[in-house]
Each structure stands twice: as structure tokens, then as C-alpha cells.
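Okay, structure first, notes after.
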Amino acid sequence: MWVLFRVPCPTPAGRTARDLYDDRVNGIGSEMQQSAVEHGCRFHRAWYADDGSEFVAIAQWDSREGARAFYELWNIEDEPGETATILEGDVGLVPHP
């Protein structure tokens, strides 16, 4: 299951896309990475738009239950205005690892 996360920026609290990105750079450690794998995360990447308009992340999880359990364990909450879209289908130009 692929999930696309988007957060319009600045957030109502005035946080920028780069702020949200930097939080991930500073907050994702080896314990969290191992926990994500154990909960079924197979891919996760995040970016900030060069114009500052949004923070974007994409993740691949084995199941919704695994993703939910991971986010609960690590007390990860949605950012204000964040949307999560489950993506269907799978077509592309390069092979999926």
C-alpha cells in the first residue's frame, strides 16, 4: 500500500515546509528506522517544495494496520492540514526493487 502525504505550508502555526522536513532529518534515527521495517514499511521518503508551498512524503506499507501501529507507537500525529492519499495501481518506467 502506497500513501502520499501532503502538508500545505506555511501551516496555521507558521511552520514552513523546510521546518517540517528538518524535523524528520533530526528525528528519524536508527531505532525508528528499524521499528518502521518491523511494522511493514518498505519505502519512505520526504521532500519540501522549492517554493516552500508544501511538504510531501510517500511511504509504502505492507498494511494499514502496520502503519497505524507504527504511528501510534512513535506518537506521530498529522500536521495541521495534512492529507494522506492511498494510491492505487502501479505503473512506471523503472522496475520496482
Side-chain angles (χ1 to χ4, degrees):
M1 169 184 80
W2 287 92
V3 186
L4 174 66
F5 301 94
R6 299 176 75 181
V7 182
C9 293
T11 67
R15 300 192 70 214
T16 68
R18 183 63 192 252
D19 292 337
L20 299 179
Y21 177 83
D22 288 343
D23 282 353
R24 275 75 179 174
V25 169
N26 296 320
I28 296 174
S30 59
E31 286 184 47
M32 183 181 273
Q33 289 171 330
Q34 181 60 36
S35 176
V37 170
E38 291 169 0
H39 283 89
C41 184
R42 302 295 165 235
F43 182 91
H44 181 276
R45 291 289 182 267
W47 304 266
Y48 57 94
D50 66 347
D51 67 359
S53 63
E54 67 181 332
F55 170 83
V56 180
I58 190 165
Q60 183 185 36
W61 290 90
D62 288 341
S63 70
R64 289 180 191 207
E65 295 78 19
R68 190 173 299 115
F70 172 81
Y71 290 120
E72 288 175 8
L73 176 67
W74 289 91
N75 298 313
I76 298 171
E77 297 180 11
D78 291 349
E79 298 290 345
E82 180 174 351
T83 61
T85 304
I86 306 297
L87 303 173
E88 300 291 342
D90 188 7
V91 64
L93 298 174
V94 295
H96 180 70

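Computed from a predicted model, the values in this text were never measured in an experiment. Index from 1, following the sequence.
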**Asked** Do Phe43 and Val25 share a hydrophobic cluster, counting only Ile, Leu, Val, Met, Phe, Trp and Tyr and linking them when any side-chain heavy atoms are less than 4.5 Å apart?
**Response** no
**Prompt:** Can you list the residues that meet the side-chain hydrogen bond (donor to acceptor under 3.5 Å, both in side chains) rule with Thr83, with sequence neighbours excluded?
**Reply:** none
**Message:** In the structure I gave you, are the side-chain heavy atoms of Glu79 and Leu20 within less than 4.5 Å of one another anywhere?
**Reply:** yes
**Message:** Check for me whether Arg24 meets the cation-pi criterion with Phe55, that is, NZ or CZ under 6.0 Å from the six-membered ring centre and within 45 degrees of the ring axis.
**Reply:** yes
**Asked** Which atoms form the tightest heavy-atom contact between Gly52 and Cys9, and what is the distance?
**Response** O-CB, 3.4 Å
**Complete:** Sequence neighbours excluded, the answer for side-chain hydrogen bond (donor to acceptor under 3.5 Å, both in side chains) partners of Arg42 is Asp62
**Prompt:** In Å and rounded to the nearest 0.5 Å, what is the OH to OG1 distance from Tyr48 to Thr16?
**Reply:** 9.5 Å
**Asked** Residues in side-chain hydrogen bond (donor to acceptor under 3.5 Å, both in side chains) with Glu88, at least two apart?
**Response** none
**Asked** Sequence neighbours excluded, which residues qualify as side-chain hydrogen bond (donor to acceptor under 3.5 Å, both in side chains) partners of Glu54?
**Response** Arg6
**Message:** Could you list the cluster mates of Met32? Members are the ILVMFWY residues connected by side-chain heavy atoms closer than 4.5 Å, either directly or through other members.
**Reply:** Met1, Val3, Phe5, Ile28, Trp61, Phe70, Tyr71, Leu73, Trp74, Ile76, Ile86
**Asked** Does Asp22 offer a backbone N or O that forms a donor-acceptor pair with the side chain of Asn26 under 3.5 Å?
**Response** yes
**Fill in**
Interatomic distance, NE2@His39 vs CD@Glu72, rounded to 0.5 Å, equals 9.0 Å
**Request:** Just jot down the side-chain contact (heavy atoms from CB on, under 4.5 Å) partners of Ser63, sequence neighbours excluded, or say none.
**Result:** Glu65
**Asked** Is there a side-chain contact between Trp2 and Ile58 (heavy atoms, below 4.5 Å)?
**Response** yes
